[in-house]
Each structure stands twice: as C-alpha cells, then as structure tokens.
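To start, the structure under review is shown below, and the notes come after it.
Bear in mind that the values here come from a model prediction, so they are computed numbers and not experimental data.
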Amino acid sequence: MKKLLLSAFALACSLQANALDYSSQSSCLNNDYIKEWGRLKLVGNQLCSESGKPVQLRGWSTHGYQWSGKSCYDDEDDFKGMKGFGANVARIAMYITEGGSVNDEWVKNCIDWTAKQGMYCLVDWHILTPGLPSQYSQYNPNGFFDRISSYVKQKGYKHVLYELCNEPNEDTEGNIYRPAVWEDIKDYAEELLPYIEKNDPGAVVIVGTPQWDQAMVFPMEYPLEGDFDLNIMYTFHYYACSHEVYLGGMQAAAGNLPVFVTEWGTTEHKGQQGLCERESDMLMETCNGNNLGGQLISWCNWSFSTEGGESKSLYSANNYNESNLSTSGKYIVKQLRKGDNISAPKASSAYKNTPLAISPAKETILNPENYDEGGEGVAYHDYDAEWVFDQCGGCQAAIGTGKMDKDFRPAECLDVSWIDDDKSACNLGYIVEGEWVKYTIDVKKAGYYKLVPMANSHNSFNVIAISVDGQNAIRDLNDKENTKIAAVRMEVFGTPSNDGGYNTWGETRFTSKYDGKKGKADYGIYFAKEGVQTLSIAFMTECAGFGPLKFIPETPDFTDVAAEVAEAAVAVYPNPSNDGNFTVTADGEANVQVYDIAGKLCYNGNVEGESLVKANLASGIYSVKVSSNDAVKVVKLVVR
C-alpha cells in the first residue's frame, strides 16, 4: 500500500469528528500524538497521557511479516496509511513460529516508522499454538525484550508499549478457568519484566490472560508478585461472532484492572463468518466507557492486511485503495472516523429509589433481589437474559423450580429465585462467568466492614469481585495494606456436593486459594468515603448461587444507634467493675451485648428486670449495649 492511498487518507482526516476537550484526540496526518500525549502512564486503572489526561489508543494490528503478499506494513507509507484512516497506534505482531521468527530489524523499523508518524507502537510477542509462554523459551523472549527496550532507550523513544505474550492457552476448548495457564504466564512475566524495567522504566507493559486472553479473573484473584517500575495492564481478546459470552467478564474486570483490548475482530475467531455488527457495537460501547470501572479502553483491530478477504482484514484485495475496503474494514474505518466517542457508564438507580443504608452500628443485609433499576447492561448483566425471556413468556425474573412471585419485576430477566419453599430469602442463580449486578448503597460511615455471604452447598468455583464506584473494594481485614487481591472465593456452605446441594443454604465467608494464608484470611470490604455509591458484584466464574450478603462494621459505632432510637431506661453497675461482671436493671426483657475496643463481640445474652451479667471480662474498656422495648442504651464500662 503506497502513495495511491494518500487522497483517501486526506478524506479520512477531513471527516474526523471533533475531539473532546479532556483528551484532545483527532486523526489528521499532521497530528503528532506522541508530542501531544507524551509518555503514557496509568492513573489508577486508566491509561493516560503524560500529563494525566485519559486517552484511548485505537488502531490495527499488523499480520505476520512472513505473509508478505498479504501484508501492508513494509515501509513508512503503510503506517501513514493507518494514521490517515484515524489510527493512533499500531500493534506489531511478530510471529515466533508459523513461518515467522524473531526479527529484531523488522520490529525496530516499525518502531521508527510509527515514531515518524507520531503514532504509538505496541510490540507483540505473538505466540499462538502451542500457547504456553514457557513453550517458547528456546526463542529467548527475555533477550528479545531486552534488546528492543535497549533500542527504545538508545533512541530516546516515548511511544513504545510491550505485549508479553499473545493468546496464552492450553490449545483445549472448554471452561476458561485455567489455573495452570495463569501459573505459566505469571512465572514468565515475573521473570521477563525486570528486563524491560531495566531499560525502559515506567513503560506500559501488557500481560496476557488464559484461554486466548479471555480469563481476566486470574490477575484479580492471583496478582503478579513484585513491585515493578512499570505500568502493567492486562489484555482481552474478542471476536464478535463467537465471544459475546466473555464480554461481561471484561466489563466486570474493568472495575478492578487496567484493560487493553490488544486484538479483536468483527467476525468469529477463525474469520469464517461475516460482520457481526451488534456484537461489535457492544465491544465499542464497552471500550468507550460503559463498563464497571468507567474505564476508557484502548483497542487494536485484527488486522491491517488482506488476509481473510471480506472477513477479518482491512482490505478484500491486494489493490490497496479505499474502494477495496472489506466489510470489516469499512466498519473499523467508520469507528475511527468518529474520533472520540466517549461515554460515562450508563447510570442505574436504586431499587424503588431507596439506597440501601450501610449502618456503622449494626449488621446490614443486602437482599440480592433488590438490585438497581435500569435493566440489562445497565443495572445488571445476565448472559442468558434472552433465553429466560423466551422461556418465561414475559419473563417473570426466574427460571427453575423456585420462581419468584409473578409480580416481581416482570419485565426483567435476572435469574432470581427463592432459597427455600418458605420463601424466607432470595438468591441469584444460574450464574455463568462474567455476569454482574449493581446496588446503590448509602454508606453512613467510611471504614472496613466484614462480609458474610449466604451460599449453598453445591461445589462451584464461586470467584467474586466487588467494586465500589469503579474501584476495587475487597480487603483482607487482617492485612489492610494488601490492596492487590480483587477477587475472592465464596466458600460453599457445609459439606460440598458435586451433584446437588442447591437447596441447602447457610452463612459462609470469602476466602482465597492463592494468598498463601491457607484460607485463614478474613476478607471484607473497604468504603473509602461516606454517602451514596454504587456497589458492583461481579461473578468472575460460574457460581452455584448468591444469597443475602451481610455487612458488619469492623468497629461498631453505637453512637449512631443511640442517636436514632430512644434511650432505654436501664442502668449498668458497678462501673468500674472489679471482677469483669456487672448488673443490668431493665424494664422487662432486654438483650445485652458487650464489645471490646476493637469491636469484637465478647458477650451476648438476654436478661429480665434486675440481673447479674456474668461476662467474666478481662481488664479493659468495653461498650455495653442494652436493647429493651425498641430502645437502646450504650454505656462505656471500665473493668479493672
């Protein structure tokens, strides 16, 4: 593709939509993105310019250089062509096998050509089959990235990003939850990252995820170890006609991880089907900000070539001009010519306009059926929503034997059912990986809260992520400095069952298989601020069912309760106590709870009239809470 495309590129420039002020993106031939944005970095989970403004990289991936008859990237004019259509990034797919080989010179040329065009350059170590990074060790990836990052350092470039491994996999279809693949990726990345860090500290580095870059649960559940002076992101790959089932997982992961869609196509993953426009639009909407993190996600389309004809390449023939754009190519060029198309996440609203108040003084129960209003893709994502609607004939919000009352939100299709025949509580069921749900909450006091979920006895992965206003909110209550773990496992209730247990429910807890604490960590939630917020619960794997969720303040603040209810007519004496016991005088029956200064419940019992409470407390300061006739009194008790 040479000079004959330049007139088409000029037209592309003239059609470019106006850019939004906060990122100032445009797609003209004379626009120097590198000069405008500088060295990219992460601010939280968002990819940003050097000055901290959100940016979205958009462009194409090359095909392998070995297919020269179908390639459009053999000199600088080809990258000028990319840019003319609106691209600000080029992904350089350096195939290691399948007719390719380690080719430093081609990669360096591409880095130079993109630099001259003011475009960003993503260097991709393109593994495919076999798909484990360790199986390519003989090609010396450490040496390759060491040499390329040294070249970047030598040239003083700011525009190079690094993709460590394309589509790691076990070359086996089935469940995307593949711990062995992530172990391989993790070991590979932790060994390789120091080579890039040495030469190009602060660079953006993108790490692959299992099963052809679809299982984003692993960096959330089992994050990379070590603190690298690098901006580490994680990749998601998507082919519109075959991968819609995985899109919810990416939407959810964006609430906890920095995400980059380094490869996607408008077809199915083998390029055997034509454009799936609805599913392509869904990805574009997700990348433009409609995800649980409100993240602006960068993307590279597959591919800038003629490979695949009408299916998945930019061009349908080797005559590289705009009249030969493929169906897929026309769609991508249209997206690029829109320029910035950024939108905030679609806002849900509290169920019945009543946010759930999270109390700092007592346990609060979130009933899962009271999810936000706004419908599919806004308040929740239920992948089988259309199937449920068809089966229900109007969608009564449930399937299976435990249907909700027919009057319960009949226009919606989230799978909600009763836990038992007594209809004592509800649960979300039929959960597949990537489903998520939102709740509007009103946090009365910032701080740490213990989480107590209700689960059934069916043996399931049950890996869950929780974010608040688009930020990871999961914390180990015994190790609050550890903020890396963003997904935890909900333990099953009682004895796990592989072929039943769906109707046996009870309270359980969140734990981790990978934190090195052998299930002894106590996972809860951290609210960084008070007020109305959005709590998102994402199911990163299949889940057997999710029942009511308790929030218990780590250190109860009983002044909150005392201010809300009448003070009970009770007395507590002697105070101080010399033996750890005391007497309560109450008007009738009363409940007595004693908490130490850390908020731990030390005594819980009932009394009537004037009664001696044999709490046998050790020396210290305690809060005694006496509840009687819908009134409460909290007394500070000193034990000598």
Side-chain angles (χ1 to χ4, degrees), residues 348-373 379-380 416 418-419 423-428 436-455 464-469 471-477 480 488 490-491 493 505-510 522-539 545-566 591 593-596 598-601 604 623 625-627 630-634:
S348 59
S349 58
Y351 179 57
K352 295 185 176 180
N353 294 316
T354 306
L356 175 67
I358 306 293
S359 171
K362 58 184 178 181
E363 66 182 36
T364 303
I365 299 177
L366 181 151
N367 293 308
E369 71 273 20
N370 294 333
Y371 57 90
D372 275 4
E373 297 178 352
Y380 62 85
V416 181
W418 296 111
I419 279 177
K423 298 184 177 181
S424 60
C426 298
N427 79 100
L428 306 181
W436 48 263
V437 63
K438 294 180 183 177
Y439 299 88
T440 299
I441 58 175
D442 185 1
V443 178
K444 298 300 183 182
K445 186 174 183 179
Y448 296 90
Y449 290 72
K450 183 177 180 180
L451 295 176
V452 180
M454 182 172 280
I464 295 173
I466 300 175
S467 58
V468 176
D469 282 351
Q471 298 295 321
N472 175 34
I474 290 175
R475 295 291 186 275
D476 178 351
L477 299 182
K480 297 184 177 70
V488 288
M490 182 176 66
E491 290 188 341
F493 173 69
W505 289 81
E507 291 185 347
T508 179
R509 69 190 188 110
F510 290 112
D522 188 11
Y523 286 98
I525 191 169
Y526 174 64
F527 294 116
K529 61 183 180 181
E530 299 175 1
V532 176
Q533 300 162 65
T534 299
L535 174 79
S536 300
I537 298 175
F539 303 97
F546 184 79
L549 177 64
K550 284 185 180 178
F551 298 81
I552 302 174
E554 186 182 50
T555 305
D557 179 5
F558 293 121
T559 59
D560 181 74
V561 172
E564 293 179 3
V565 300
N591 173 254
Q593 295 178 333
V594 182
Y595 294 83
D596 64 16
K600 180 181 178 181
L601 180 65
N604 185 10
S623 294
K625 176 186 174 185
V626 184
S627 305
D630 296 324
V632 173
K633 186 170 185 177
V634 179

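- Tested against Tyr449 for a ring pair (Phe, Tyr, Trp, His ring centres under 6.0 Å), the candidates Tyr523, Phe551, Phe527 yield a single pass: Phe527.
- For the atom pair CD (Glu363) and NZ (Lys450), the distance works out to 11.0 Å, reported to the nearest 0.5 Å.
- Here the closest non-hydrogen pair linking Ala350 and Pro355 is CB-N, 3.6 Å.
- For the salt bridge (Lys or Arg N to Asp or Glu O under 4.0 Å) test, no residue two or more places apart in sequence or in another chain qualifies with Asp522.
- In this structure Ser424 satisfies the side-chain hydrogen bond (donor to acceptor under 3.5 Å, both in side chains) test together with Asp420, sequence neighbours excluded.
- Lys625 places a side-chain heavy atom less than 4.5 Å from the side chain of Val632.
- The main-chain N or O of Phe493 is never found under 3.5 Å from a side-chain atom of Thr508 such that the two would form a donor-acceptor pair.
- Considering NZ of Lys633 and OG of Ser627, their distance stands at 13.0 Å, rounded to 0.5 Å.
- The shortest non-hydrogen separation linking Lys445 to Pro360 is CB-CB, 3.5 Å.
- Within the model, atoms OH of Tyr380 and CG of Leu428 stand 11.0 Å from one another, a figure rounded to the nearest 0.5 Å.
- The ring pair (Phe, Tyr, Trp, His ring centres under 6.0 Å) check on Tyr439 picks up nothing, with sequence neighbours excluded.
- Taken to the nearest 0.5 Å, the CD1 atom of Ile464 stands 10.0 Å off from the CG atom of Leu451.
- With sequence neighbours excluded, the residues that form a salt bridge (Lys or Arg N to Asp or Glu O under 4.0 Å) with Lys480 are Glu554.
- Note: Asn427 CG to Asn367 CG = 11.5 Å, rounded to the nearest 0.5 Å.
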* Given the rule in the side chain to side chain contact (heavy atoms under 4.5 Å, CB included) test, do Leu549 and Phe510 qualify, once you have shown the distances and angles that lead to the verdict? -> CA-CA 11 Å; Leu549 177 64; Phe510 290 112; 4.0 Å; yes
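- Applying the side chain to side chain contact (heavy atoms under 4.5 Å, CB included) criterion to Ser536, with sequence neighbours excluded, gives Leu292, Lys438, Ser467, Thr534.
- When the salt bridge (Lys or Arg N to Asp or Glu O under 4.0 Å) test is applied to Glu530, no partner is found at least two apart in sequence or on another chain.
- Counting heavy atoms from C-beta on, the side chains of Leu366 and Leu535 come closer than 4.5 Å.
- Pro553 approaches Lys362 most closely through the heavy-atom pair CD-O, 3.5 Å.
- Note that CG of Asp596 and OG1 of Thr555 are 9.0 Å apart. Values are rounded to the nearest 0.5 Å.
- A search for side-chain hydrogen bond (donor to acceptor under 3.5 Å, both in side chains) contacts involving Asn604 returns Asn591, not counting sequence neighbours.
- The side-chain hydrogen bond (donor to acceptor under 3.5 Å, both in side chains) check on Lys352 picks up nothing, with sequence neighbours excluded.
- When the salt bridge (Lys or Arg N to Asp or Glu O under 4.0 Å) test is applied to Asp372, no partner is found at least two apart in sequence or on another chain.
- By the 4.0 Å N-to-carboxylate-O rule, Lys444 lies too far from Asp557 to be salt-bridged with it.
- Annotation: ring pair (Phe, Tyr, Trp, His ring centres under 6.0 Å) contacts of Phe546 (sequence neighbours excluded): Phe539.
- Qualifying side-chain hydrogen bond (donor to acceptor under 3.5 Å, both in side chains) partners for Tyr595, counting only residues two or more places apart in sequence or in other chains: Gln593.
- Scanning for ring pair (Phe, Tyr, Trp, His ring centres under 6.0 Å) contacts around Tyr526 gives Tyr448, with sequence neighbours left out.
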* Where do Val468 and Ile525 land on the side chain to side chain contact (heavy atoms under 4.5 Å, CB included) test, with the steps shown first? -> CA-CA 9 Å; Val468 176; Ile525 191 169; 4.2 Å; yes
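- Across all their heavy atoms, Ala361 and Pro556 have their closest contact at O-CB, 4.0 Å.
- When all heavy atoms of Ala357 and Thr364 are compared, the pair lying nearest together is O-CG2, 3.2 Å.
- Looking at every heavy atom in both residues, Ile365 comes nearest to Pro548 through CG2-CB, 3.9 Å.
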